[in-house]
Amino acid sequence: MSHQLATSVAESPILYVKVLSGRQIEEARKKRRLTQRDLARELGMGVRWLREIEAGNPRSRLDDHLACAYRLGLSTGHILIPLLFAGQKMCFPRQLAMGDLSDLERLCIEMIAQRNLDHLTQALTPAWTSPPVSAGAGL
């Protein structure tokens, strides 16, 4: 990675995500023995634009990265998890980006679902009030 790109990546989490995503997409495409032309045709985009996505071009759109990831059966964790860190103004650990984030992505989804279920359960559970205990009760 060039010094200029490293500086840009450090300054922009979105640029970093696009570079990382482009690499993941290219590796997955090659692993599935798809040509750029075949994948581009399936996605309804030009080969040149797919090359730009795989190169992590800053002008590429995240929705195009997501479409490529979905088509290739990739987890979208490499896109979404670094953005969660950035949204919290936290530095994303670069070592985490090298592996498959599908387990972490699933865990995040499960936590969100459980939190929503807990809130829904709490909202739907009646808050029963106990009747006041009278002085003569229980005798």
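It should be emphasised that the depicted structure is a prediction, and the values quoted were computed from it without experimental measurement.
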**Student:** What residues form a side-chain hydrogen bond (donor to acceptor under 3.5 Å, both in side chains) with N116, not counting sequence neighbours?
**Tutor:** none
**Student:** Are side-chain N/O atoms of S75 and E105 paired as donor and acceptor at under 3.5 Å?
**Tutor:** yes
**Student:** Nearest 0.5 Å please: distance from the CG atom of L104 over to the CD1 atom of I81.
**Tutor:** 3.5 Å
**Student:** How far does NZ of K18 sit from CZ of R61, to the nearest 0.5 angstrom?
**Tutor:** 10.0 Å
**Student:** Tell me who clusters with Y70, hydrophobic residues only, linked when side chains sit under 4.5 Å apart either directly or through other members.
**Tutor:** I14, V17, L62, L66, I79, L80, L83
**Student:** For the residue pair F85 and F92, does the interplanar ring angle fall in the parallel (under 30°), tilted (30 to 60°) or perpendicular (over 60°) class?
**Tutor:** perpendicular
**Student:** Identify every side-chain donor-acceptor pair in residues 36-44 under 3.5 Å, counting partners at least two apart or on other chains, and give the distances.
**Tutor:**
unit_1: Q36; atom_1: OE1; unit_2: R51; atom_2: NE; d: 3.3
unit_1: Q36; atom_1: NE2; unit_2: E54; atom_2: OE1; d: 2.8
unit_1: D38; atom_1: OD1; unit_2: R41; atom_2: NH2; d: 2.8
unit_1: D38; atom_1: OD2; unit_2: T35; atom_2: OG1; d: 3.1
unit_1: E42; atom_1: OE1; unit_2: R71; atom_2: NE; d: 2.2
unit_1: E42; atom_1: OE1; unit_2: R71; atom_2: NH2; d: 2.8
unit_1: E42; atom_1: OE2; unit_2: R71; atom_2: NH2; d: 3.2

**Student:** Show the numbers, then the answer: is there a side-chain contact (heavy atoms from CB on, under 4.5 Å) between L84 and Q88?
**Tutor:** CA-CA 6 Å; L84 287 173; Q88 295 300 312; 6.0 Å; no
**Student:** Which pair of heavy atoms, one from H65 and one from S60, lies closest together, and at what distance?
**Tutor:** NE2-OG, 2.9 Å
**Student:** List for me each residue that meets salt bridge (charged side-chain N to carboxylate O under 4.0 Å, His left out) alongside E27, sequence neighbours excluded, and say none if there are none.
**Tutor:** none
**Student:** Working to the nearest 0.5 Å, report the span between CG of D103 and SG of C108.
**Tutor:** 11.0 Å
**Student:** Could you pull out all residues at least two apart from R32 that satisfy salt bridge (charged side-chain N to carboxylate O under 4.0 Å, His left out)?
**Tutor:** none
**Student:** Would you call L72 and L34 a side-chain contact if the rule is heavy atoms closer than 4.5 Å?
**Tutor:** yes
**Student:** Can I get a per-line list of side-chain donor-acceptor pairs under 3.5 Å for residues 117-124, giving both atom names and the distance, sequence neighbours left out?
**Tutor:**
unit_1: D118; atom_1: OD1; unit_2: Q114; atom_2: NE2; d: 2.8
unit_1: T121; atom_1: OG1; unit_2: L117; atom_2: O; d: 2.8

**Student:** Quick check for you: to the nearest 0.5 Å, what is the distance between L101 atom CG and H78 atom NE2?
**Tutor:** 8.5 Å
**Student:** State, yes or no, whether a side-chain contact exists between I53 and E26 at a heavy-atom distance under 4.5 Å.
**Tutor:** no
**Student:** What distance separates C68 SG from W49 CH2, expressed to the nearest 0.5 Å?
**Tutor:** 10.5 Å
**Student:** Can you confirm whether S102 sits close enough to R106 that some side-chain heavy atom of one is under 4.5 Å from a side-chain heavy atom of the other?
**Tutor:** yes
